[in-house]
Chemist: 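There's a structure below that I have some questions on.
The sequence lines fix the lettering, A, B, ..., with proteins before strands; numbering per chain opens at 1.
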Amino acid sequence: MIDIKFIRENPDAVRASQKGRGEDTSIVDQLLAIDETRRTAITEFETLRAEQNVLSKSVGAAKGDEKTALLENAKDLANKVKAADTKRADIEAQANAIAMQLSNLLDPDAPIGGEADFVVIEHVGTPRDFAKDGFEPKDHVELGKLLGAIDTERGAKVAGSRSYYLTGVGALLEFALVNYAISSATKAGFIPVIPPVLVNPAAMEGTGFLGQAAENVYHLERDEVYLVGTSEVPLAAMHMDEILPVEKLPLRYAGYSTCFRREAGTYGKDTRGIIRVHQFDKVEMFSFCKPEEAKEEHKRLLQWEKDFLNAMEIPYRVIDVASGDLGSSANRKFDIEAWIPTQDTYREVTSTSNCTEFQARRLNIRYKDSDGTKAIATLNGTLVAIPRMIVAILENHQNADGSVNVPKALQPFLGTSRFELV
RNA sequence: GGAGGGCUCGCAUAGCGGCCGAGUGCACCGGUCUUGAAAACCGGCAGGUGAAAGCCUCGUGGGUUCAAAUCCCACGCCCUCCGCCA
């Protein structure tokens, strides 16, 4: 949610932001219009209520005929108050519904455009030359089979398309990745968290996942809960309706959880392998900080993501995601794309978003310092999303026979330097 | 799933339908005193909105009433007991 005062004072900036995202700019005008009526309705109600409060007190003090007369008036006034209150509540609900439709303001530095209009910030590492190594790289599905690490066929049999089993070294690799991620995050000062993955509507709505993103969310209607697509949701909502003391900031959590995604509207996209699946595990960084420090914090999150990729010895590039491809909560987003040899391209493996005060306003999370209580900023970033990292590791570190070299950083967690064929 | 009990300002509690947005204790912050500290004493101490007056918030939502923290209903959450269970 954007500060309504800011919208009143800078409607053009908000319109421009909506336009940059390819979203409806008329919401801004609807909101401004209803904000007027909202404030009028509040004033009307409050005036009547103040009158009623005064009158009520005098009723209590009065006796006899005088009281009867006052009661007459009071009754009438009570009806008016009730009517004014109903009207106010209606309008406020409408205004709120409209305000919730607005996406976050874009960072002026974010590139404008659609999915394809990202800007490449840097390349790190060099894609391996398999021709020079004298063999054709196998894709992760084939490698996964040879190593006994990934079983997509049985996954499909048991759970449908986009499902899989991690077995043997595949399962061990997940544990190693998670352990490495959590231990490095803990060293960096993150508090490790295992959050709930089943959350209520307030948490989902507050983090901004019930808007355009709703179709990708599993909803358990019978119990009115949602399966989260990322631990960003429970981590952000963890401090819902709280006021954090400024000394605790930046407050950083590393959440490990399973993530569930319906992947609606992705028919035919990445159908092979485990690039795009309904369920996967992920270690997510989440940070609460002062708004004026959010940009810096965003860079730090990106750096931690790069550190992880570097440790995995995988070539990658960093992109500045274009406005039209940002989530509704993000004002800027950097993705890291790892080189996937068999696709001859870079594919997203991690992503970090600066949500400024947008989520915090929806979730009612603030911080308090010596001059008062203010909205806080929230940021999130992937440390490691397991399946895509497994894809990157297997494909980039494969040998001619299908065995795979284990990155040094993971060797202590796996007790081996090489995955052999089964 | 069944039976009870409870949800008030960080914590613990008080609260008669009007004098309660709300008392007390602890914690916390500032001050006096002290070489320093403790104790004692004095003051402050929920949030939102508003320029202010005011208005709103005693789990949430409804209802009764001129007036609700206080009465009624529904829901949520917590606790205890029973059943079931990883």
Side-chain angles (χ1 to χ4, degrees), chain A residues 1-9 31-32 34-100 194-206 219-227 234 237-249 251 257-258 279 288 291 357-376:
Chain A
M1 196 177 311
I2 305 175
D3 185 7
I4 185 69
K5 268 190 219 158
F6 181 88
I7 301 173
R8 285 203 285 260
E9 285 158 23
L31 189 57
L32 288 172
I34 199 156
D35 182 51
E36 272 307 303
T37 48
R38 184 185 132 261
R39 285 189 291 164
T40 312
I42 290 174
T43 312
E44 278 170 16
F45 162 71
E46 288 189 359
T47 309
L48 286 167
R49 173 69 91 186
E51 234 178 283
Q52 185 188 33
N53 286 344
V54 172
L55 188 55
S56 261
K57 290 213 165 133
S58 64
V59 169
K63 300 247 161 58
D65 283 353
E66 196 194 345
K67 187 164 188 166
T68 322
L70 283 175
L71 274 177
E72 202 63 27
N73 269 330
K75 198 156 200 168
D76 185 47
L77 192 53
N79 288 329
K80 283 188 190 154
V81 168
K82 194 175 250 182
D85 192 26
T86 308
K87 187 177 163 197
R88 179 200 56 84
D90 278 358
I91 293 171
E92 288 205 303
Q94 284 174 43
N96 194 49
I98 294 170
M100 291 292 261
I194 297 176
V197 293
L198 230 34
V199 303
N200 64 25
M204 217 61 188
E205 173 99 71
H219 181 196
L220 279 59
E221 288 179 49
R222 229 181 127 181
D223 299 289
E224 199 44 27
V225 289
Y226 297 87
L227 284 166
M238 193 169 169
H239 292 294
M240 178 158 64
D241 296 320
E242 290 182 27
I243 298 170
L244 304 172
V246 71
E247 311 85 72
K248 279 198 173 176
L249 307 182
L251 180 57
S257 86
T258 301
Q279 180 196 324
F288 295 91
E357 300 105 294
F358 185 84
Q359 284 180 329
R361 271 204 199 87
R362 294 171 151 238
L363 292 165
N364 191 29
I365 306 172
R366 290 160 293 171
Y367 78 98
K368 191 177 200 169
D369 65 13
S370 50
D371 16 273
T373 315
K374 289 164 272 190
I376 208 166

Chemist: Given the rule in the salt bridge (Lys or Arg N to Asp or Glu O under 4.0 Å) test, do A/K5 and A/E9 qualify, once you have shown the distances and angles that lead to the verdict?
Modeler: CA-CA 6 Å; A/K5 268 190 219 158; A/E9 285 158 23; over 6 Å; no
Chemist: Would you kindly compare A/A74 and A/I243 by the position of their nearest RNA chain B nucleotide and give the one closer to the 5′ end?
Modeler: A/I243
Chemist: Taking 4.0 angstrom as the limit, do A/D35 and A/R38 come out as a salt bridge?
Modeler: yes
Chemist: B/rC26 pairs with which nucleotide, Watson-Crick or G-U wobble, both distances below 3.5 Å?
Modeler: B/rG10
Chemist: Name the pairing partner of B/rG4, where a pair is Watson-Crick or G-U wobble with both distances under 3.5 Å, or state none.
Modeler: B/rC79
Chemist: Taking only side-chain nitrogens and oxygens of A/N53, does any of them come within less than 4.0 Å of OP1 or OP2 of B/rA67?
Modeler: no
Chemist: Taking the C1' atom of each, how far is B/rC28 from B/rC45, in whole Å?
Modeler: 8 Å
Chemist: Hey, does A/V54 have a side-chain heavy atom less than 4.5 Å from the side chain of A/E51?
Modeler: no
Chemist: Going by distance alone, is a donor N or O of one side chain under 3.5 Å from an acceptor N or O of the other, for A/Q359 and A/R362?
Modeler: no
Chemist: Distance check needed: B/rG48 C1' versus A/N96 CG, whole Å only.
Modeler: 14 Å
Chemist: Give a yes/no on whether any side-chain N or O of A/K368 is located under 4.0 angstrom from OP1 or OP2 of B/rA46.
Modeler: no
Chemist: Please give, in whole Å, the distance from B/rA53 C1' to A/R49 CZ?
Modeler: 17 Å
Chemist: Sticking with atom P, work out how far B/rA3 lies from B/rA12, rounded to a whole angstrom.
Modeler: 29 Å
Chemist: Pick the C1' atom in B/rC56 and in B/rC20, then give their distance to the nearest Å.
Modeler: 15 Å
Chemist: Find the distance A/N364:CG to B/rG48:P and express it as a whole number of Å.
Modeler: 9 Å
Chemist: Taking only the side-chain heavy atoms of A/K5 (C-beta and beyond), determine which of B/rG47, B/rG50, B/rA67 contains the nearest atom.
Modeler: B/rG50
Chemist: Who is the Watson-Crick or G-U wobble partner of B/rA46, with both distances under 3.5 Å?
Modeler: B/rU57
Chemist: How far does the C1' atom of B/rC73 sit from the matching atom of B/rA68, given to the nearest Å?
Modeler: 15 Å
Chemist: Can you check the distance between B/rG44 and B/rU60, where both ends of the measurement are the C1' atom (answer in whole Å)?
Modeler: 32 Å
Chemist: According to a strict under-4.0 Å criterion, is A/Q52 in side-chain N/O contact with OP1 or OP2 of B/rC66?
Modeler: no
Chemist: Once you round it to whole Å, what is the distance between P of B/rA67 and CG of A/L48?
Modeler: 13 Å
Chemist: Would you call the rings of A/Y226 and A/H219 parallel, tilted or perpendicular, where under 30° means parallel and over 60° means perpendicular?
Modeler: parallel
Chemist: In this structure, how many angstroms lie between the P atom of B/rU49 and the CZ atom of A/R88, rounded?
Modeler: 15 Å
Chemist: If the C1' atom of B/rA22 is compared with that of B/rG47, how far apart are they to the nearest Å?
Modeler: 14 Å
Chemist: Of the nucleotides B/rG50, B/rG47, B/rA67, which has the atom closest to the A/T373 side chain?
Modeler: B/rG47
Chemist: For a quick test of reading the model: is some side-chain N or O of A/R366 closer than 4.0 Å to OP1 or OP2 of B/rG48?
Modeler: yes
Chemist: Say you pick atom P in B/rC9 and the same atom in B/rU70; how far apart are they, in whole Å?
Modeler: 15 Å
Chemist: Does A/K82 make a side-chain N or O approach to OP1 or OP2 of B/rU64 shorter than 4.0 Å?
Modeler: yes
Chemist: What is the pairing partner of B/rU34, taking Watson-Crick or G-U wobble pairs with both distances under 3.5 Å in any strand?
Modeler: none
Chemist: Are more than 12 heavy atoms from other residues, nucleotides or ligands located less than 6.0 Å from atom CD1 of A/I194?
Modeler: no
Chemist: Tell me the interatomic distance from A/L198, atom CG, to B/rA86, atom P, rounded to whole angstroms.
Modeler: 20 Å
Chemist: Find which nucleotide of RNA chain B each of A/L55 and A/E46 is nearest to by heavy atoms, and output the residue with the more 5' nucleotide.
Modeler: A/E46
Chemist: Would you mind reading off the distance between A/I42 atom CD1 and B/rG48 atom P, rounded to a whole angstrom?
Modeler: 16 Å
Chemist: A/T40 versus A/I91: any side-chain heavy-atom pair under 4.5 Å?
Modeler: no
Chemist: Please give, in whole Å, the distance from B/rC56 P to A/E92 CD?
Modeler: 13 Å
Chemist: With both distances under 3.5 angstrom, what nucleotide forms a Watson-Crick or G-U wobble pair with B/rA69?
Modeler: none
Chemist: Rounding to the closest angstrom, what is the interatomic distance between B/rG23 and B/rA69 at atom P?
Modeler: 15 Å
